[in-house]
Engineer: 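Pasting a structure here, questions to come.
We number each residue from 1, following the sequence as shown. Atoms within each ligand, like the ligands themselves, are counted from 1 in listed order.
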Amino acid sequence: MTNAPLNNDIDAVWLPFTANRQFKSDPRIIARGQGMFYYDPQGRELLDGLAGLWCSLAGHGQPRITEAVSAQLKELDFAPTFQFAHPKIIKLASRIAAIAPAGMERVFFCNSGSEAVDTSLKIALAYWRAKGEAHRTRLIGRVRGYHGTNFGGMSVGGIVNNHKAYGQMLPGVDHLPTTYDRARQAFSKGEPEYGANLADALEDLVALHGDTIAAVIVEPMAGSTGVLPPPQGYLKRLRELCTKHGILLIFDEVITMFGRMGAPTAAERYGVTPDMITFAKGITNGVIPMGGVIAANAIYDAFAQKNDWQIELFHGYTYSGHPVAAAAALATLDIYRDEGLFERGRQVEAWLADAVHTLKGAPFVVDIRNCGAAAAIDIEPAAGAPGKRGHEAIRRAFFDEDIVLRVGGDTIALGPALVAEQAHVERLVDGVRRVLGRLS
Ligand SMILES: Cc1ncc(COP(=O)(O)O)c(C=O)c1O
């Protein structure tokens, strides 16, 4: 038994993180992309305000990536990485290791940010077992953290809407408090002065859980919850406390790695070296799914087996280190290097910071934050209908202002590609200003 063909009926698709029924009554279709712009099926040009979904850092339609992908398809379309390897994945791991913090040179590949996070949590648990400290099984996330939608990442994540339909989370998970305190930080420019002390909550968790904590995972800059910059000194303090209590520190850099922070990694920007870094999104400029975990050499070394035929980590995905994704990633890293995009992130940061804070005083604006080449505007929620104004903002931006905006709840997030010019940034912010002016 099969269903009758639906004949290109939009009803067949179930979109992620979308109000599907409303969407289908008035769809926002993106048919083409080039540089800073998308185009709808009728050819209307739309400014891309979030580099896809934080991933297309070099803009859309980069010919060098297209060529690398098509050449790779002709040469080697797939090869397993369980018990085998191919040349591009070896080269790519070395290239990533070269831009990672010192002493972090072991790269495990997967296919998304969610997989990268779950991989890092599994490595943390397996590491302690390999070290003879199998009692370290607890994982600590943070309120308002976003670490993807698989069970591990969802559990350490701290966004209530992402939890509430899914019953029990992973056992043994606890959370640090959010770094966000509107009363003390509202309208701060860049990293807020207040809040380094919020890392000290880890001492309370250690007092509660003793030596059973395996790892702490945080986003250095929390992007998906609405661009929460780390308070000045917070990450250093967290590193000190993790080291003091023998806890692994994982930086989830799925958004922040590859130039968004004006540096290869947020770890480098803040001068704090974690034990693992997760990455995804920007690694292939969003062209082909890929993610991964960069582990400190000492973590990898702890997995040495007594017998050389024994597998040390029973984990991986069929498409871990896919050759076509690896080819896309190598071409992407070449573009980032040749066009100096990591440094250019600093320039986009300055333009965005100047422009976005001019929205203070616009209708419904209750806070504005910026950090790296990213910014967010919090809108006052409509009475009794949280999320409604945010939803209206996406639609007005798309249909009235020719802008593709990212909104989570009642927060507008801006994160243009790192190839953006000042005029793109200003157009984006002016469009947001007009959208705010028309919200009901
Ligand atoms: C910090 C962070 N971790 C993990 C993820 C999940 O990545 P993916 O959607 O590729 O699974 C995201 C996605 O936005 C993210 O921002």
Engineer: Does Glu105 have any side chain to side chain contact (heavy atoms under 4.5 Å, CB included) partners at least two apart in sequence or in another chain, and if so, which?
Structural biologist: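 Testing Glu105 for side chain to side chain contact (heavy atoms under 4.5 Å, CB included), a comparison that skips the adjacent residues, returns Ala97, Asn297.
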Engineer: Is the terminal nitrogen or CZ of Arg369 (NZ for Lys, CZ for Arg) located under 6.0 angstrom from the six-membered ring centre of Tyr180 and within 45° of that ring's axis?
Structural biologist: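 Because its charged atom sits under 6.0 Å from the ring centre and within 45° of the axis, Arg369 does stack over Tyr180.
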Engineer: Which residues pass the side-chain hydrogen bond (donor to acceptor under 3.5 Å, both in side chains) test with Tyr39, sequence neighbours left out?
Structural biologist: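 For Tyr39 the side-chain hydrogen bond (donor to acceptor under 3.5 Å, both in side chains) partners, ignoring immediate neighbours, are Glu45.
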Engineer: N or O contacts of ligand 1 with protein under 3.5 Å, please list pair by pair.
Structural biologist:
from     : atom 1 : to     : atom 2 : distance (Å)
ligand 1 : 3 (N)  : Asp252 : OD1    : 3.3
ligand 1 : 3 (N)  : Asp252 : OD2    : 2.7
ligand 1 : 7 (O)  : Gly113 : N      : 3.4
ligand 1 : 7 (O)  : Ser114 : N      : 3.4
ligand 1 : 10 (O) : Gly113 : N      : 2.8
ligand 1 : 11 (O) : Gly113 : N      : 3.4
ligand 1 : 11 (O) : Ser114 : N      : 2.7
ligand 1 : 11 (O) : Ser114 : OG     : 2.6
ligand 1 : 14 (O) : Ser224 : OG     : 3.4
ligand 1 : 14 (O) : Lys281 : NZ     : 3.0
ligand 1 : 16 (O) : Ser224 : OG     : 3.2

Engineer: Go through the structure and list residues passing salt bridge (charged side-chain N to carboxylate O under 4.0 Å, His left out) with Glu312, not counting sequence neighbours.
Structural biologist: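 With sequence neighbours excluded, Glu312 shows a salt bridge (charged side-chain N to carboxylate O under 4.0 Å, His left out) to no residue whatsoever.
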Engineer: Just checking Glu203: does its CD atom have more than 12 heavy atoms from other residues, nucleotides or ligands closer to it than 6.0 angstrom?
Structural biologist: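 Atom CD in Glu203 is packed in, count exceeds 12.
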Engineer: May I ask you to check whether Asn111 and His322 show a side-chain donor-acceptor distance below 3.5 Å?
Structural biologist: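 No - no donor-acceptor pair under 3.5 Å links their side chains.
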